[in-house]
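Note that the structure is a prediction, hence the values are computed from the model and not measured.
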Amino acid sequence: MSINPDKAQDVWKDAGEHVQFTVLKLNRDNQKAAQEAIQEFADRSQAIIRSLRIRDSHLTAVSGLKVAFGFSNHAWDYLFPNQPKPHELETYQTLSGPEYSMPATDGDLFFHIRASNEAVVYEAQTQFMRFLKSITTVVDETKGFRYFEGRAIIGFIDGTEAPGVEDSAAYALIGDEDQQFINGSYAFGQKWQHHMDFWNHLKTEDQEKAVGREKFTDIELEDEDKFSNAHNVASKFEKDGEEQKIIRMNVPFSNPAAGQTGTYFIGYARHWSITKGMLQNMLDQSDFLLKFSEILSGQLFFIPSRETLSQIADGHFNQ
C-alpha cells in the first residue's frame with residue numbers, strides 16, 4: 001500500500017481567494033448522539049462538496065472548492081473510544097522558549113475551506129453545520145483572504161520553501177509507517193495577530209533581514225545579511241542533517257477599521273513531529289516575527305483520508 005493523493009482530503013498548498021477556518025468544540029452531553037451526528041456528517045459532507053463543485057460554474061480544478069476536515073486527539077478519544085488512533089495524534093500542549101510561547105487552545109473539530117467564490121465557502125460551512133450544530137459550540141471562526149500576489153500580510157511571498165504541488169504528497173500524507181491511516185495528514189492551526197504599526201515602521205531593508213528574503217524579488221539573502229533570528233533561519237528544522245519540510249500556508253485575516261490584522265497559519269504534515277520541531281526552533285531562536293505578534297490559538301488535528309471518512313460514515317468507527 002502506498003500514498004495516493006486521490007484518496008486524501010485537500011491538504012495541498014492552495015490558499016484560495018476566500019478562506020474559512022472554523023474550530024468547534026464538542027458539547028459532550030450525549031456521546032451516542034455525537035457519534036451518530038459525526039457518522040452522518042462524514043457521509044453527507046462528501047456529497048455537499050461534490051454538489052457545490054457542480055453548482056458554481058466558475059470553479060476550476062485550480063481555484064475550486066477545497067475542504068479539509070479533522071479531529072483533535074480529545075475528539076478522537078470521545079467519538080471513537082474503541083478504535084486505534086493515528087500514531088502521532090496527540091493533544092498539543094503549549095510550547096515555550098526563552099522569550100515567547102505558543103499557547104494551546106481548545107478545539108475538537110477543524111475545517112479549512114477555500115474557494116474562488118465566497119458564496120461557495122459560505123454555503124459549504126452553512127451546510128456542514130446543519131449536521132454539527134446540535135453537538136458542538138463554535139470556538140473560533142476566521143475568514144481569510146488572498147493578499148496581493150498571494151503574499152503574506154507582511155508583504156512577503158508566502159511559502160517559498162514549501163514543496164511544490166507535484167512534490168507535496170510525500171510531505172503532507174501519512175504513508176506506510178501507519179497503514180491504517182495512510183493518506184491522512186496532521187494539521188496544525190495557529191492564529192497570529194500582528195502589531196502592524198511596528199512592522200510598517202521598519203525600513204524595508206530591516207524587514208528583509210527579519211524574514212531572510214528580498215521583499216520584491218523573493219530571492220533569499222546570504223546568511224550574513226540576515227538577522228540571526230530571521231524567520232527562514234529560525235523556522236528551519238533538520239533531522240539527521242537533512243532539512244525537513246511540511247505543506248504550510250499563511251492566510252491573512254483582518255478587521256481593518258479596528259486595527260486587528262493577522263495571519264492564520266496552517267501546516268499539513270506527514271509527521272507531526274516535524275511541524276512541532278519547526279515551532280520549537282522558532283521559540284528557541286526567538287523568531288523575529290514573534291517580536292510584533294501575539295499568538296491567539298494553536299491545536300493539532302488529524303485530517304482523515306476520504307477512505308477513512310467513508311469508514312466513519314459506514315459506522316465502522318462506532319463499533
For [X], side-chain contact (heavy atoms from CB on, under 4.5 Å) partners two or more places apart:
{"X": "Q193", "value": "Q260, L296"}
{"X": "K236", "value": "E238, E243"}
{"X": "N30", "value": "K32, A33"}

Is there a donor in the side chain of [X] and an acceptor in the side chain of [Y], or the other way round, less than 3.5 Å apart?
{"X": "E307", "Y": "N183", "value": "no"}
{"X": "Q127", "Y": "E123", "value": "yes"}
{"X": "T261", "Y": "S254", "value": "yes"}
{"X": "T217", "Y": "E214", "value": "yes"}
{"X": "D43", "Y": "S45", "value": "no"}
{"X": "Q20", "Y": "T22", "value": "yes"}
{"X": "T137", "Y": "N27", "value": "yes"}

As an exercise, state the distance from [atom1] of [X] to [atom2] of [Y], rounded to the nearest 0.5 Å.
{"X": "L132", "Y": "Q125", "atom1": "CG", "atom2": "CD", "value": "8.5 Å"}
{"X": "L300", "Y": "T275", "atom1": "CG", "atom2": "OG1", "value": "8.0 Å"}
{"X": "D29", "Y": "S134", "atom1": "CG", "atom2": "OG", "value": "9.0 Å"}
{"X": "I113", "Y": "I49", "atom1": "CD1", "atom2": "CD1", "value": "8.0 Å"}
{"X": "R151", "Y": "E149", "atom1": "CZ", "atom2": "CD", "value": "4.5 Å"}
{"X": "F302", "Y": "S185", "atom1": "CZ", "atom2": "OG", "value": "8.5 Å"}

Using a cut-off of 6.0 Å, state whether more than 12 heavy atoms not belonging to [X] lie near its atom [atom1].
{"X": "K143", "atom1": "NZ", "value": "yes"}
{"X": "Y122", "atom1": "OH", "value": "no"}
{"X": "R28", "atom1": "CZ", "value": "yes"}
{"X": "F198", "atom1": "CZ", "value": "yes"}

Where do N4 and S2 land on the side chain to side chain donor-acceptor pair (under 3.5 Å) test, with the steps shown first?
CA-CA 6 Å; N4 184 348; S2 59; over 6 Å; no
Which residues pass the ring-ring contact (aromatic ring centres under 6.0 Å, His included) test with [X], not counting sequence neighbours?
{"X": "F237", "result": "none"}
{"X": "F156", "result": "none"}
{"X": "F41", "result": "F69, F111, F128"}
{"X": "F80", "result": "F71, W76, F317"}

Applied to residues 200-210, the side chain to side chain donor-acceptor pair (under 3.5 Å) test, sequence neighbours excluded, yields Q207-K215
Strictly below 4.0 Å, N to O, side chains only: are D158 and R248 in salt-bridge contact? no
Tabulate below the donor-acceptor pairs under 3.5 Å that side-chain atoms of residues 286-293 make, not counting sequence neighbours, or state none.
{"unit_1": "S286", "atom_1": "OG", "unit_2": "E99", "atom_2": "OE2", "d": "2.8"}
{"unit_1": "D287", "atom_1": "OD1", "unit_2": "L289", "atom_2": "N", "d": "2.9"}
{"unit_1": "D287", "atom_1": "OD2", "unit_2": "H231", "atom_2": "ND1", "d": "2.6"}
{"unit_1": "S293", "atom_1": "OG", "unit_2": "H194", "atom_2": "ND1", "d": "2.8"}
{"unit_1": "S293", "atom_1": "OG", "unit_2": "L289", "atom_2": "O", "d": "2.7"}

Are any of the side-chain heavy atoms of [X] and [Y] separated by less than 4.5 Å?
{"X": "K25", "Y": "V138", "result": "no"}
{"X": "E88", "Y": "Y186", "result": "yes"}
{"X": "D176", "Y": "I182", "result": "yes"}
{"X": "V23", "Y": "F301", "result": "yes"}
{"X": "R306", "Y": "Q46", "result": "yes"}
{"X": "V139", "Y": "D108", "result": "no"}
{"X": "F110", "Y": "L24", "result": "no"}
{"X": "M278", "Y": "N281", "result": "no"}

Keeping the roles fixed (side chain from [X], backbone from [Y]), state whether a donor-acceptor pair exists under 3.5 Å.
{"X": "Q31", "Y": "Y78", "result": "yes"}
{"X": "Q280", "Y": "S96", "result": "yes"}
{"X": "S72", "Y": "G107", "result": "yes"}
{"X": "Q299", "Y": "F188", "result": "no"}
{"X": "E177", "Y": "G175", "result": "yes"}
{"X": "E90", "Y": "N73", "result": "no"}
{"X": "W199", "Y": "I154", "result": "yes"}
{"X": "E220", "Y": "D218", "result": "no"}
{"X": "Q35", "Y": "L79", "result": "yes"}

**Asked** Which is it for N318 and Q39 under the side chain to side chain donor-acceptor pair (under 3.5 Å) test, yes or no, and what are the steps along the way?
**Response** CA-CA 8 Å; N318 288 351; Q39 181 178 346; 2.8 Å; yes
Path from F227 to I219 over hydrophobic side-chain contacts below 4.5 Å = no
For the student: nearest non-hydrogen atoms of [X] and [Y], plus distance:
{"X": "V11", "Y": "A172", "answer": "CG2-CB, 4.0 Å"}
{"X": "T94", "Y": "A104", "answer": "OG1-N, 3.0 Å"}
{"X": "G144", "Y": "V251", "answer": "CA-CG1, 3.7 Å"}
{"X": "V233", "Y": "S228", "answer": "CG1-O, 3.8 Å"}

Salt bridge (Lys or Arg N to Asp or Glu O under 4.0 Å) partners of [X], counting only residues at least two apart:
{"X": "D284", "answer": "none"}
{"X": "R146", "answer": "E17"}
{"X": "D10", "answer": "R53"}

Quick one: is the NZ or CZ of K191 closer than 6.0 Å to the six-membered ring centre of F253, and within 45° of its axis? yes
Output field: ring centroids W192/F265 closer than 6.0 Å: no
